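Below is one structure; the comments refer to it alone.
Whatever order the structure lists them in is the order used to number ligands and atoms, beginning at 1. In this text the structure is predicted, and so the values were computed from the model without any measurement.
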Amino acid sequence: MKKSLWALALLSLLAGGCHRDMWLQPKAKVNRESDFFADGLSSRPNVPGTVATEDVGLTRPVRTGYDSNGKLVREIPMAVTKELIARGKERYQIFCTHCHGAVGDGEGMIAQRGLTLAQPVASYHTDRLRELPDGHIFDVITNGFGTMYPFSDRLPDPNDRWAIVAYIRTLQYSQFAPASSLPADMRAKVDNPPPLPSQQKPEGKHGKGEDHSAGGAH
Ligand code: HEC
């Protein structure tokens, strides 16, 4: 019995992990030199006449977030519709919520209990981020910012990135709207808020949830 176990251990040592031949196989790495093709490059040039398809017909501000003078655009360079915001919400919840949180306060699950980042996840609810041009947020999504990685590969359509910008502006407004902009019935609730649970009378607090065995005995 023991012998066969040893044999098994030896066999797994010999059989496992032998992938050096695949590491060392002849292959072309991107942008490396190669003597296989006459021009000495491993990467092949585009076929003559190739056109990029994804960004065709989009203006520079839509593609890059910058205007023709090289300045960040102040406002989203397209009509901000309910559909655009809804699309942005969907994309935001897929790509951003886990770090930035559902309301953009920087308290997503990753920020709460995931990796420790050199720089904490930003909250969108600061004066600086409220005042920065829309093009800045687009640029952060496209190219990354500090410790945050870029998203242009995951969100290749610039329209989707602008949709997220629109949704972030919506989130900011949701946490920073002037009370005067509320309809009358909501305004009344803000002026006379119901008491918080902590302000309610503490009656019945003792003996209820604290001692289950006593509660069960009665
Ligand atoms: C892996 C976690 C993570 C994800 C996912 C993430 N972010 Fe961030 N984000 C960060 C961190 C960390 C910072 C702060 C970076 C710094 O200051 O170095 C940040 C900063 C920002 C800022 C503030 C930039 C500034 O000027 O201060 C914006 C805006 C932002 N993120 C938008 C987004 C959007 C939109 C998405 C989704 C498309 C997203 N982030 C996804 C971690 C993340």
For this session: For atom CZ of Phe37, decide whether the heavy atoms of other residues, nucleotides or ligands shown that lie under 6.0 angstrom number more than 12.
Result: yes

Exercise. How about Cys96: does one of its N, O or S atoms come closer than 2.8 Å to atom 8 (Fe) of ligand 1?
Worked result: no

Problem set entry | Glu90, CD: over 12 other non-hydrogen atoms inside 6.0 angstrom | yes

For this session: Within a distance under 4.0 Å of any heavy atom of Ile164, pick out the atoms of ligand 1 and give their elements.
Result: 35 (C)

Exercise. Do His98 and ligand 1 have an N or O pair less than 3.5 Å apart?
Worked result: no

Seminar exercise, completed: Numbered in order shown, the ligand 1 atoms found under 4.0 Å of a heavy atom of Tyr149 are 1 (C), 5 (C)

Exercise. Using the ring of each side chain (for Trp, its six-membered ring), is Phe145 parallel, tilted or perpendicular to His136, with breaks at 30° and 60°?
Worked result: perpendicular

Seminar exercise, completed: ligand 1 atoms nearer than 4.0 angstrom to some heavy atom of Leu129 are 23 (C), 25 (C), 26 (O)

Problem set entry | N-O pairing of Asp191 and Arg187 below 4.0 Å | yes

For this session: Verify the distance criterion only: is there a donor paired with an acceptor across the side chains of Ser68 and Arg60 at less than 3.5 Å?
Result: no

Exercise. Do Cys96 and Phe151 pass the side chain to side chain contact (heavy atoms under 4.5 Å, CB included) test, and can you show the C-alpha distance, the side-chain angles, and the key distance before you say yes or no?
Worked result: CA-CA 10 Å; Cys96 323; Phe151 279 83; 5.7 Å; no

Problem set entry | Options Gly146, Cys99, Gly104, Pro120, ranked by nearest heavy atom to atom 14 (C) of ligand 1, top entry | Pro120

For this session: Taking atom CG of Asp39 as the centre, report whether more than 12 heavy atoms of other residues, nucleotides or ligands fall under 6.0 Å from it.
Result: yes

Exercise. By number and element, which atoms of ligand 1 are closer than 4.0 Å to a non-hydrogen atom of Ile141?
Worked result: 35 (C)

Exercise. Considering only heavy atoms from C-beta outward, does the side chain of Leu132 approach that of Ile137 to under 4.5 Å?
Worked result: no

Exercise. CG of Leu155 to CZ of Arg91: how many Å apart, nearest 0.5 Å?
Worked result: 7.0 Å

Exercise. Does at least one non-hydrogen atom of His136 fall below 4.0 angstrom from an atom of ligand 1?
Worked result: yes

Exercise. What do we get for Arg128 next to ligand 1 when only non-hydrogen atoms under 4.0 Å count, side chain, backbone, both or neither?
Worked result: side chain

Exercise. What part of Ile110 sits under 4.0 Å from ligand 1 if we count only heavy atoms: the side chain, the backbone, both or neither?
Worked result: neither

For this session: Please verify whether a non-hydrogen atom of Val165 lies at under 4.0 Å from ligand 1.
Result: no

Problem set entry | Atom indices of ligand 1, in the order listed, that fall short of 4.0 Å to a heavy atom of Thr147 | 12 (C), 15 (C), 16 (C), 18 (O)

Problem set entry | Which N, O or S atom of His100 lies nearest to atom 8 (Fe) of ligand 1, by name | NE2

Problem set entry | Verify same cluster id: Phe95, Leu171 (apolar side-chain graph, 4.5 Å) | yes

Problem set entry | Per-residue contact class, Val140 against ligand 1 - non-hydrogen pairs under 4.0 Å | side chain

Problem set entry | Pick from Tyr167, Phe145, Tyr124: the one approaching atom 24 (C) of ligand 1 most closely through a non-hydrogen atom | Phe145

For this session: Any atoms of ligand 1 less than 4.0 Å from a non-hydrogen atom of Ile168? List them with their elements.
Result: 35 (C)

